[in-house]
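Here is the structure we will look at.
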Amino acid sequence: MNVPADRKYRNSHEWAKLEGEVVTVGITDYAQHELGDVVYVELPEVGREVEAGEAVAVVESVKTASDIYAPVSGEVVEVNGALEESPERVNEDPYGEGWLFKIRPKDPSEYEGLLDPDAYLKVLEEEG
Amino acid sequence: MGGRMVDFAGWAMPLDYGSIKAEHLAVRQGAGLFDVSHMGEFWIEGPEALAFLEYVTTNKAARLKPGRAQYTMFPNASGGVVDDAYLYRPDDARYLLVVNAANVAKDWDHLQALSRDFDVRLTDRSDETALLALQGPKAAELLRDLCDADLGAYKKNAVFFARVAGREAMLARTGYTGEDGFEIFLKPEDAAHVFTALREAGATPAGLGARDTLRLEMGFPLYGHELDDATNPLCTPYAWVVKDKPFFGRDAIFGQACETRLVGLVLERGVPREGYPVVSGGEEVGRVTSGTLSPVLGRGIALAWVKSEVLEDEADLAVMVRGREHPARVHPLPFIRR
């Protein structure tokens, strides 16, 4: 399972990548594979203040709807509007063009507290 | 084959072989292959087989000529549905009822109890019968090379015997996807061989996930969702299956008014799911029984029970998706043009 080394993870299968002052958030390769074909993505409003662990987006596959949790607290500064037309990008490129939203973190230490790639790989092993 | 397995009525069944959407579109555009061996098979034989079936099912079994099949239901005493089923008459003397896997025990008890007044013999061959469904516009073309029957002679709902990939089979030009196709009844020991032969001939293996989205695009019911022991079939789009004839449960079915009706809904945005409320003017007026994003339409579609009085007013309807109203309009079934 593809778990890039350049970012952090939540055990609920979101990834978070800090670039400059902004954290980009998406779902992992494992998550998109488990969900199957993504057909609909509901994104938060730009400007919304979110708390770490808050359900802020929904990714729906043919079969099911799955909540996406904010990895860090802060303000939503951008969402991936292209997913409205092309939700399948979440399957095709979960770590790239399939990103969901960007947060400007309130507290940078929250990002450091997320799972590193090795710890996330252990989570995947446990889920078998 | 890399199937994602789920438990369904005690059977380990493939939900998908990788992509529900790809499997769905393979059935709509080419040929998909389902293993539906979990379905129950009851044979009905004896001098009063037809009289018995006329009594226990809502459709007109007497209209079924040898070599034909029909969709039917068996009602209970209170006007609900014990199960929906397909009835096949392969030849003069015998009938086959194919019932839902989850209902095999319940159906058997129900039919056994009602059979006591008839000179009829019921046999449960569910465990001795495998069932494959080859479905899609290219199904006939694909099967032609593997089957020793003249498929052109068998139209929709025909039942016949032939060899498929060298194995004895009973075939029916039926299915539950809205596409042309065949259901192939086999001995369990022959199923893997025939499945492999059809797959190698170009059929796309398809799982329960695609089976569900395909039947929902057609507006077909799935027992336990649209139909159950308390639903009156006359209040559903499947009222045509209930014929005006004497049958068990008839008075209960015809004696009830429909306070709610089962309808098809299409959403502009969002994906309706089972259990989501249907609202009108801020009031809850119904519930979704099945919902998905239609792979063909790219829109959310649902079947839902909605209060009859609201439907008469052509009121503005919406489905509550995670606390937000998504406008919905009533759509005739099927959802897609065939």
Side-chain angles (χ1 to χ4, degrees), chain A residues 1-2 12-14 27-48 50-51 53-70 76 79-94 98 100-101 124 127-128, chain B residues 2-6 8 13-28 204 206-217 222 225 266-276 288 290-302 319-326:
Chain A
M1 212 43 85
N2 183 13
S12 49
H13 309 292
E14 293 87 0
I27 68 169
T28 65
D29 190 28
Y30 172 83
Q32 70 78 18
H33 185 258
E34 284 298 298
L35 277 169
D37 300 308
V38 172
V39 294
Y40 189 78
V41 178
E42 199 173 283
L43 295 167
E45 281 181 22
V46 172
R48 176 171 158 190
V50 300
E51 293 295 320
E54 187 182 339
V56 293
V58 178
V59 174
E60 296 205 35
S61 64
V62 177
K63 256 339 251 185
T64 187
S66 184
D67 281 328
I68 306 303
Y69 301 96
V76 176
V79 299
N80 188 355
L83 297 181
E84 192 165 325
E85 285 297 309
S86 309
E88 66 278 4
R89 285 185 192 187
V90 174
N91 295 115
E92 292 162 2
D93 191 9
L100 301 177
F101 52 88
L124 294 184
E127 295 208 358
Chain B
R4 193 185 325 216
M5 306 304 281
V6 291
F8 186 81
M13 298 285 295
L15 178 64
D16 62 64
Y17 294 89
S19 164
I20 293 174
K21 205 165 148 188
E23 292 161 23
H24 181 109
L25 295 174
V27 172
R28 288 275 178 256
T204 302
L208 282 185
R211 198 169 163 79
D212 193 45
T213 53
L214 286 158
R215 68 94 192 166
L216 193 45
E217 274 186 344
L222 178 61
H225 299 259
V266 173
L267 277 64
E268 281 302 312
R269 281 175 56 81
V271 187
R273 303 281 181 188
E274 182 178 0
Y276 285 8
V288 170
S290 294
T292 192
L293 189 113
S294 156
V296 168
L297 299 176
R299 292 259 185 89
I301 57 171
V319 174
M320 291 296 283
V321 180
R322 293 179 291 274
R324 255 196 293 179
E325 289 190 15
H326 287 240

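Chain letters run A, B, ... following the sequence lines, proteins first and then strands; every chain starts at 1. This one's a predicted model, so the numbers in the text were calculated from it and none came from an experiment.
Surrounding NE2 of B:H225 are more than 12 heavy atoms belonging to other residues, nucleotides or ligands, all under 6.0 Å away. Atom CZ of B:R322 has more than 12 heavy atoms from other residues, nucleotides or ligands within 6.0 Å.
We find that A:E84 and B:R269 are joined by a salt bridge, their nearest charged nitrogen and carboxylate oxygen being less than 4.0 Å apart.
Across all non-hydrogen atoms, the minimal contact from B:L293 to A:V39 is CD2-CB, 3.5 Å. A:D37 approaches B:A22 most closely through the heavy-atom pair OD2-N, 4.1 Å.
Heavy-atom distances place no part of B:R299 under 4.5 Å from chain A, backbone and side chain included. Using a 4.5 Å cut-off between heavy atoms, B:S19 contacts chain A through both its backbone and its side chain.
Taken to the nearest 0.5 Å, the CD1 atom of B:I20 stands 6.0 Å off from the NZ atom of A:K63.
For B:R28, the salt bridge (Lys or Arg N to Asp or Glu O under 4.0 Å) partners two or more places apart in sequence, or in a different chain, are B:E179, B:E217.
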